[in-house]
> 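The structure's right below; bear with me while I get my questions together.
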Amino acid sequence: MDRRLALVRRPSPRLADGLVTHIGRSAVDVDLALEQWEGYVAALNAAGWETVEVPPADDHPDGVFLEDPVFVYGDLAVLTRSGAPERRGETAGLREVLEEHGYRVEEVTEPATLDGGDVLKFDGTVWVGQGGRTNAEGLAQLTELLRPFDVEVVGVPLASVLHLKSAVTALPDGTIIGYPPVVDAPLTWGESFEAVPEETGSHVVLLGGDTVLMASSAPQTEEELRGRGLDVVTVDISEFEKLEGCVTCLSVRLRG
Ligand SMILES: NC(=O)NCCC[C@H](N)C(=O)O
């Protein structure tokens with residue numbers, strides 16, 4: 001079986017100062033967040049994923065949301081340039097780790113902005129949210145970097161949520177699930193789109209086969225996904241949700 005490897009980054013002691021954009025600020029319990037992060041890592045490990053900790057970014061409150069500073073596709077790793085200037089230093093230390101794991105590393109450059117959380121890939125298509133964090137130049141540079149691959153890149157307008165993957169993710173069979181009030185362009189996916197009843201239910205990490213990881217804050221969606229025959233693993237990430245974080249953004253899954 002392929003080796004399954006995921007990168008993670010330990011939460012900063014300054015986590016509680018993380019950015020909030022589309023929700024009100026509420027107090028984050030940093031000790032509880034650390035326990036929840038350990039639970040998240042344990043869930044990945046229990047599902048057969050080896051985890052590698054990248055160097056911490058303690059000066060960056062949002063550094064734990066590792067999906068945003070890097071996007072991987074095939075043998076390519078793209079270090080991003082966040083639309084939130086406060087988050088730009090989070091790419092530090094990632095090039096070395098990615099090169100160690102055999103990636104060729106490219107960087108998105110000014111005036112482009114791109115957050116990994118805006119990039120959803122599934123089966124030869126890459127959808128790129130166009131909102132507060134990723135601009136048209138970011139889409140253009142990513143499209144160029146992905147040119148060597150047999151891939152279709154599609155821009156998706158986004159206004160109601162932080163990132164594209166805060167609104168939609170893909171199930172193992174390619175169904176795109178989303179919570180309609182925050183999906184600005186459902187027609188992008190046509191009949192492949194299916195609504196879920198809770199916002200945090202629209203975030204799943206594919207763990208392999210029919211197993212998905214999701215937040216425990218979406219019990220109705222969990223039941224629906226189990227009803228579809230999926231094996232569902234849940235984790236409590238309440239402290240990260242207070243900062244608009246999701247299960248998807250707490251790790252970067254590498255190729256086998
Ligand atoms: N990909 C993601 O959904 N990342 C969550 C980032 C949350 C962080 N507080 C931020 O605003 O950037």
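Since we're looking at a predicted model, the values are computed, not measured. Values below: every heavy atom of this structure, side chains too, minus hydrogens, waters and symmetry copies. Both counts, for ligands and for their atoms, begin at 1 and track the order of listing.
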> Suppose I only count heavy atoms of Arg133 and a 4.0 Å limit; which atoms of ligand 1 are within that range?
10 (C), 11 (O), 12 (O)
> Check each atom of ligand 1 against the heavy atoms of Glu244 and keep those under 4.0 Å away; list them by number with element.
3 (O), 5 (C), 7 (C)
> Determine which pairs satisfy side chain to side chain donor-acceptor pair (under 3.5 Å) with at least one residue from residues 118-132, sequence neighbours left out, and list them in order.
Asp118-Thr134
> Measure across Ala47 and Arg4 and return the closest heavy-atom pair with its distance rounded to 0.1 Å.
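In terms of heavy atoms, the two residues are closest at O-NH1, 3.7 Å.
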> Among all protein heavy atoms in this structure, tell me which lies nearest to atom 3 (O) of ligand 1, with the distance rounded to 0.1 Å.
His163 ND1, 3.2 Å
> Using a 4.0 Å cut-off to any heavy atom of Gly117, which atoms of ligand 1 qualify?
1 (N)
> For Ala84, is there any backbone N or O sitting under 3.5 Å from a side-chain donor or acceptor partner on Asp115?
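Not confirmed, Asp115 side chain does not pair with Ala84 backbone.
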> Can you name the atoms of ligand 1, numbered from 1 with element, that are less than 4.0 Å from a heavy atom of Glu67?
1 (N)
> With backbone taken as N, CA, C and O and side chain as the heavy atoms from C-beta onward, which portion of Asp68 lies under 4.0 Å from ligand 1: side chain, backbone, both, or neither?
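Contact part for Asp68 vs ligand 1: side chain (C-beta onward).
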> Please report the shortest heavy-atom distance between Leu225 and Met214, naming the atom on each side.
CD1-SD, 3.9 Å
> Give the contacting part of Leu19 toward ligand 1: side chain, backbone, both or neither, where contact means a heavy-atom distance below 4.0 Å.
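Near ligand 1, Leu19 shows its backbone as well as its side chain.
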> Considering all heavy atoms of both residues, which atom of Leu98 and which atom of Leu79 are nearest to each other, and what is their separation?
CD1-CD2, 3.9 Å
> Number the atoms of ligand 1 from 1 as they appear, then name those within less than 4.0 Å of a heavy atom of Cys246, with their elements.
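Those of ligand 1 that fall under 4.0 Å from Cys246 are 3 (O).
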> Please name the pair of heavy atoms, one in Arg9 and one in Pro56, separated by the smallest distance, quoted to 0.1 Å.
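Closest approach of Arg9 to Pro56, heavy atoms only: NE-C, 4.0 Å.
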> So is Lys165 close enough to ligand 1, meaning a heavy atom under 4.0 angstrom away?
no
> Starting from atom 8 (C) of ligand 1, which protein heavy atom do you reach first, and at what distance in Å?
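Protein heavy atom with the smallest distance to atom 8 (C) of ligand 1: Asp62 OD1, 3.2 Å.
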> Is there a chain of hydrophobic side chains (I, L, V, M, F, W, Y, each step under 4.5 Å between heavy atoms) that links Val233 to Leu44?
yes
> Given Leu243, Leu164, Val247, Val20, identify the one with the heavy atom nearest to atom 9 (N) of ligand 1.
Leu243
> Does ligand 1 have a heavy atom under 4.0 Å from the side chain of Thr248, from its backbone, from both, or from neither?
neither
> Give a yes/no verdict on whether any heavy atom in Ala84 is under 4.0 Å from an atom of ligand 1.
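No heavy atom of Ala84 comes that close to ligand 1.
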> Is it the case that more than 12 heavy atoms not belonging to Glu96 sit under 6.0 Å from its CD atom?
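Yes - once you tally the heavy atoms of other residues, nucleotides and ligands closer than 6.0 Å, there are more than 12.
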> Would you say Thr21 and ligand 1 have an N/O pair spaced under 3.5 Å apart?
no
> Can you tell me which residue pairs pass the ring pair (Phe, Tyr, Trp, His ring centres under 6.0 Å) test with a partner in residues 61-93, sequence neighbours excluded?
Tyr73-Phe149
